[in-house]
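Chain A is the first sequence line, chain B the second, and so forth, proteins listed ahead of strands; every chain is numbered from 1. Keep in mind that this is a model prediction, so the values were computed, not measured.
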Amino acid sequence: MEKAYNPKDCEEEILKKWQDEKVFTAINPNDSQTGKSFTVPIPPPNVTGQLHLGHAMMLVIQDIMSRYHRMKGDATLWLPGTDHAAIATESVVLKNLGVASREVFSRPEFLEKCRTHTDKTHKTITNQIKRMGASCDFTRERFTMDLGMSNAVQKIFTDLYKAGLIVRGHRMVNWSTGAQSVLADDEVEWEDRKEPFYSIRCGRFVIGTVRPETKCAHSPIVLHPDENYVLARFTDSAGKSEELIFSEVLFYDEERRNKVFNLLDENGKWELVSVHQGKEFEGQKFEAETYAGMRIFFVLCDAQVIDIKKGTGAMTISANHSADDYDLAKRRNLDEYFIEKIGFDGKMKSIAGVLEGETVQEARWKAGKTMKEKGLLVGKDTSYVHNVPLCYRSGCVVEPMISPQWFIAVEKEFLWQEGVGRIRNEELEMKNKGEKTTLKKLMQDAVREKQVKIIPERFEKTYFQWIDNLRDWCISRQIWWGHQIPIWYDEQGKEYTAHEQTLLFSRHGESEAEPSNILQKNPLLTKKGETQAKELGEKLLQEGRRIAKIICSPLERSKKTAEICRDALTPSNSPTPLNPPFSGGKSGGEIPIEIWEDFDEIRFGDLEGTVRATETGKTTMERMMNEPTAESLEDLHSRALKIWEKISALPPEDGEILFIGHRAFTGILFAVRDGVKPEHFIDVRKRWEMGNCTVKEITWMVKPKKDSFLRQDEDTLDTWFSSALWPFSTLGWPDTKNPDFQNFFPTSVLETGHDILFFWVARMIMFSLFATGKNPFETVYLHGLVCDEEGKKMSKSKGNGIDPLDMIEKYGTDALRMAMVVGTTPGNQVNLGEKKIEGYRNFANKLWNVARYILALPLHPDYKPLTNGNAELLTERWILSKTQRLIQEVHKGLENHQYGEVGQKLYDFTWNDLADWAIEASKTETQLAHPLQEVLKTLLKLLHPYIPFVTEKIWEVMPLSTGGHDTLLLALTAFPEYDEALIDEKAEYDFGLLQEVITKIRSLRAATKVEPAKKIKAIFTGSNIEILQKNELILKNLARLEEVLYGEIPTEKCVTDMISGTEIYLPLSEMVNMEDEKGRLKKELLEAEKLLQNLDSRLSNEQYITSAPPHLVAETRAKKEEVEKKIETLKILF
RNA sequence: GGGCGAUUAGCUCAGUUGGCUAGAGCAUCUGGUUUACACCCAGAGGGUCAUAGGUUCGAAUCCUAUAUCGCCCACCA
């Protein structure tokens, strides 16, 4: 072993080992130790993204839980994947192409470019995930735009649509004129801006606005019904006067009044004419001048929207261009006031008269100018600052606009029924069956009934606050990269949904190649195979299947199977005419068989004619990889993609479509649907394996049935829509019979940052309950935001960001991992500096050296294993006992998601107990070699979830690891179990005393400035000296003593102290400045007396004696005695 | 404006049902080439647990108010 641990040298090699051994490929729960599954769906990172500390944080915590559960023997699946991140990807792709707008390309062209780009960047982020040591099952990696996912998106969209929960409507949305798209609320950035605030005459009323360009149409003047308004007369210095109406508070606030009316003659005079409540004006109708000409106004009173302290206490509204005004107009049925003043191009409409066609920005100052010229302005405050919404992408000002969009109606009631909104808890299911509910209620109940547990709990409040105020979710986006809305329109604008097509996949009957075990391209069916084919048809018939069409491979064995099966299905041959089968739309006719040339088996090339794989010890696929004439994995991939394209383009059928194909290629087909990359084809080979004539059923969404022209809605879905399906779509939904779905859903823990509790977590709960009837996960664990050392958000612009990859390079992955998690607590911000990472680099090195030392110890020939506390060595009993306590704490902590604390405990044990004491003791007691190896072995396992690399590396060189039940790889060993038999309280007490005595002597030596190397004499009296006697060698070596005496209080001058009733005397008078020593003693005495006082007051309290737990009182008494004794001793010396 | 949280050593943070003299790492100081480790060892100093009240035998921990900071949501008169 090298002197120092060098992560760079071994991390890559260890990663490869894990990969080669398929350590992270989830196993079936039936094959696991515990029979239980543990599933973690990864929050899919942006496919174009780079690893940042937020990712690092989630990866570390998820890896700790995954590795822990895997080692505990659970069938553990940590399912990785990436997110297509629609808007971000589009802008990156456009930027890379150097193009301003996607319209330069056709839609398919542009999508192709996005796909190429994401295929490329996908490798970057996944490799970075791997470098973190993340034990994800990459054979199950998914992408939110892979085929299966798109299918799932279409399926749930269609179901929601049919349930009336997805609706198209005109709603107020954030419109980005720059991006020409609707923005989600979280895509809007707010900025304080200084813009002129105008006060405008509107008849006799004065209104305020920062948006003069919108004051061009008929509008209500809105007043507060119960607040006071004044009719005030203003007379300028020339003697001209006018009457204006505005709020009373403004009239009496002279300073503000002057500001609001700063365009009026400053030498003019105000006088009060009369005071009125707002409602006195209600209903007044009048014509008044605007910048765009004469318009009609009327007075409307509304207590909800008017804040009398703002502006003049009066306003006009723009129902189409302000969310508040929109709500008011809706609420008060002001239908005729929905007037479009601004277009989607960001330019003024004709209602703006002279300003028609101007951009909003231009129109704004021009409107102000025109008003001024027309004498409509009474004031202009240029110092007004307000908060402006900006498009995070184009930077333009976001306009609230009314636009047709798709929404998820969260408050719309729908009926509980099979498969829709069914809840997992059976009691609840009964309660709710046949009842109406809403998506909002589903989300609320899941958390309220604790079916989904949120850690830390306080985020439940945040969750409810959000859900309670939730409005309909706008899911459509005007971009191209994403899932296109699966709705089609005919010429009349009628809406059509995707067709849910059931596909049955079967394999041909037994062929001649099977008994002969020779790879053949085109063998015939055997007799057995023919029977199997017939049985297949009969079975389908019996099940009441309505096979509309059979599609089969061009090879003889499948063609023949298809024919036999078809005949068995055809009515004339049917033994059960009571159950007439459906036959492809032609009553009584034959079921059509289509042959797809490219649906044949994988092509073996020159391997043909050789003995089948099983006999050569290698699978056929493995052999194919080295055979240039055989079909390559990439070729298989693209062939499978083409088949899926063909399937998706199939005309919808009312019955099922039966595919008869081949084992290997059908497997590839399923793999490709699930987004499996060619390099993993071999790993997943067994996942979809099928026997002769067995059937797999899947649901596949195809275009709707309509002979005439159909046009698909051009919008795409919000990225969060597909993310909201993540926990179940990745496991095969909508095919709920998929083994992965059955084995691993619902998932166990969803770990993510608390900032996406709403956008993601809540929506997953909503969709999962709707689609599967189950909550998607049992527990939600939320980590905090990662910030720099000073608690500032990390950002590229500030340059305070720490790049996790740099840190890995510099300190190793383990150091970064440990630093991310130790000293943190769920949901709280984590302030991470480089120093902290450095500290854990040191820790990894410490562990390395602990191992290096322990492994170099010669095993003691006389060592006898410890049997229930009979060992002679105190140190051994002590360290074994401490190890058990550690195991117990680690289990408890990890079960309760206390990752920070467990990490701390592991650190403390390694450094303080093992390295500083047990190892130091072993330099005296060489028999410790054996137990220390055992402890190290256990410790490596305990530490492995936190620092997998260094522990795995040490494991590699451990001689013990090859024996016993342990596996070659640490990642595959069983996690240590707590063994109470090894707990030894006496040993813990005795060794604790030894530690205290040694520490005290060291401290006394340092305080009295004795040369460190100097060996001195020590005398012990009082209690417990037999413990010291027994362990005199350790005592001597660790405290640097040359002679030890017991029992007699020395006569010479001594430095002294007392620990747990044991008095320590060090005769150092000739070396010590006795004045200093006096000072030290005095301080000790003072402290002891203070403590005694404290204890005394506690014990003299009746209430304490009676109310406090007895053991506590006893402890206090003992403590008191001890302190009294100590004071006595100190006083004698004084 | 509404909500949530934080405030503990010079710095960054632990402290899960209230209970020994409140802990860790870093930094500081003193001393150390003890053949596992200077990415180390031994020792030391450093805290009215933001403030003010309250509950309790007992409060960093529970309650109430105040202050400061942070985050989330809402927000164009």
With the side chain defined as heavy atoms from C-beta on, A:Val210 is closest, among B:C57, B:C4, B:C76, to B:C76

Base, sugar-phosphate alone, or nothing: which one does A:Ser1107 contact when heavy atoms must sit under 4.0 Å apart? base

Salt-bridge criterion met for A:Glu1124 and A:Lys1120 (N-O under 4.0 Å): yes

For atom CG of A:Asn469 and atom C1' of B:C4, their distance in whole Å: 14 Å

Applying a 4.0 Å non-hydrogen cut-off, can you work out what A:Val388 is touching in the nucleic acid: base, sugar-phosphate, or nothing? nothing

Would you kindly compare A:Ala1108 and A:Gly900 by the position of their nearest RNA chain B nucleotide and give the one closer to the 5′ end? A:Gly900

Return yes when atom CD of A:Glu1121 has more than 12 non-hydrogen atoms of other residues, nucleotides or ligands closer than 6.0 Å, and no otherwise. no

Taking atom P of B:G32 as reference, at what distance in whole Å does atom NZ of A:Lys1014 sit? 16 Å

Check ion pair A:Glu838-A:Arg841 (N to O, under 4.0 angstrom): yes

Under 4.0 Å, heavy atoms only, any strand: does A:Phe459 hit a base, just the sugar-phosphate, or nothing? nothing

Looking at A:Lys1014 and A:Glu1042, is there a salt bridge between them, counting it only when a charged N and a carboxylate O are closer than 4.0 Å? no

Measure from CG on A:Leu1004 to P on B:G31 and round the result to the nearest Å. 19 Å

Going by the angle between their ring planes, with limits at 30° and 60°, are A:Tyr840 and A:Tyr907 parallel, tilted or perpendicular? perpendicular

Looking for any heavy atom pair under 4.0 Å, which part of the strands does A:Leu757 touch: base, sugar-phosphate only, or nothing? nothing

What does A:Tyr899 touch in the nucleic acid at a heavy-atom separation under 4.0 angstrom: a base, only the sugar-phosphate, or nothing? nothing

Donor-acceptor side-chain pairing of A:Asp9 and A:Asn6 below 3.5 angstrom: yes

Which nucleotide in the list B:A77, B:U21, B:A27 gets nearest to the side chain of A:Asp307? B:A77

Less than 4.0 Å between a side-chain N and a carboxylate O, is that true for A:Arg211 and A:Glu399? yes

If the threshold is 4.0 Å, N to carboxylate O, is there a salt bridge linking A:Lys905 and A:Glu901? yes

Describe the nucleic acid contact of A:Asp324 in one word from base, sugar-phosphate, nothing, applying a heavy-atom distance below 4.0 Å. sugar-phosphate

Do the charged groups of A:Lys341 and A:Glu213 touch, with an N to O distance under 4.0 Å? no

Rounded to whole Å, CG of A:Asn1094 lies from C1' of B:C57 at a distance of 13 Å

Which nucleotide, B:C76, B:A77, B:C20, lies nearest any side-chain atom of A:Arg1098? B:C20

A:Arg458 vs B:C71: side-chain N/O to OP1/OP2 distance below 4.0 Å: no

Just call it for A:Gln898: base, sugar-phosphate, or nothing, with non-hydrogen atoms closer than 4.0 Å on any strand. base

Counting distance alone, no hydrogens or angles: does the base of B:A36 have a donor or acceptor under 3.5 Å from a partner atom on the side chain of A:Lys923? yes

Would you mind reading off the distance between A:Trp466 atom CH2 and B:C4 atom C1', rounded to a whole angstrom? 16 Å

Find the distance A:Ile1105:CD1 to B:G58:P and express it as a whole number of Å. 14 Å

Assign A:Glu901 to base, sugar-phosphate, or nothing according to its heavy-atom contacts below 4.0 angstrom with the strands shown. base

Quick one: label A:Ile207 by what it contacts on the DNA or RNA (base, sugar-phosphate, nothing), any heavy atom closer than 4.0 Å. nothing

Measure from the side chain of A:Arg852, starting at C-beta and using heavy atoms only, and say which of B:C37, B:U21, B:C71 lies closest. B:C37

Pick the P atom in B:G2 and in B:G15, then give their distance to the nearest Å. 30 Å

Of B:A77, B:G3, B:C26, the nucleotide closest to the side chain of A:Gln465 is B:G3

Just call it for A:Asn828: base, sugar-phosphate, or nothing, with non-hydrogen atoms closer than 4.0 Å on any strand. sugar-phosphate

Does A:Glu809 come within less than 4.0 Å of A:Lys8, counting only side-chain N to carboxylate O? yes

Does B:U35 have OP1 or OP2 sitting under 4.0 Å from an N or O in the side chain of A:Tyr853? no

Under a 3.5 Å threshold, yes or no: a donor from one side chain and an acceptor from the other, between A:Ser322 and A:Asp324? no

Scan A:Val398 against the nucleic acid and name what it touches under 4.0 Å (heavy atoms): base, sugar-phosphate only, or nothing. base

Please state the C1' separation for the pair B:G3 and B:U48 - nearest whole angstrom. 32 Å

Pick base, sugar-phosphate or nothing for A:Val305, based on heavy-atom distances below 4.0 Å to the nucleic acid. base

Students often get this wrong, so: under 4.0 angstrom with heavy atoms, is A:Asn387 touching a base, only sugar-phosphate, or nothing? base

Euclidean distance for C1', B:A67 against B:U30 (whole angstrom): 41 Å

Which nucleotides of nucleotides 39-48 of chain B have their base under 4.0 Å from a protein heavy atom (B), which only their sugar-phosphate (S), and which neither (-), written as one string 5' to 3'? BSSSSS----

Using atom P in both nucleotides, what's the gap between B:A50 and B:A22 to the nearest angstrom? 15 Å

B:A77 OP1/OP2 closer than 4.0 Å to side-chain N/O of A:Lys215: no

Which residue pairs pass the ring pair (Phe, Tyr, Trp, His ring centres under 6.0 Å) test with at least one member in residues 300-320 of chain A, sequence neighbours excluded? none

A:Pro1012 has its side chain closest, among B:A77, B:A38, B:G32, to B:G32

Could you state the CD1-C1' distance from A:Ile342 to B:C76, rounded to the nearest angstrom? 11 Å

Expressed as a whole number of Å, how far does the P atom of B:C40 sit from that of B:A27? 10 Å

Give A:Phe758 one of three labels, base, sugar-phosphate or nothing, depending on what nucleic acid heavy atoms sit under 4.0 Å from its own. sugar-phosphate

For atom P, what is the distance between B:G5 and B:U16, given to the nearest Å? 16 Å

Pairs under 3.5 Å (Watson-Crick or G-U), crossing ones as [ ], inter-strand ones as |: RNA chain B comes out as (((((((..((((.....[...)))).(((((.......))))).....(((((..]....))))))))))))....

Between B:G58 and B:G18, how far apart are the P atoms? Round to whole Å, please. 15 Å

Side-chain contact check for A:Ile306: nearest option of B:A77, B:A36, B:G15 is B:A77

Can you see whether A:Tyr337 engages A:Ser318 through a side-chain donor-acceptor pair at a distance of less than 3.5 angstrom? no

Contact under 4.0 Å: A:Thr316 side-chain N or O vs B:A77 OP1/OP2: no

Between B:C20 and B:G1, how far apart are the C1' atoms? Round to whole Å, please. 48 Å

What closest approach, in Å, do A:Ile467 and A:Ala762 show between heavy atoms, and which atom pair accounts for it? CD1-CB, 4.1 Å

Within this structure, what is the CG-to-P distance between A:Leu936 and B:A36, rounded to whole angstrom? 16 Å

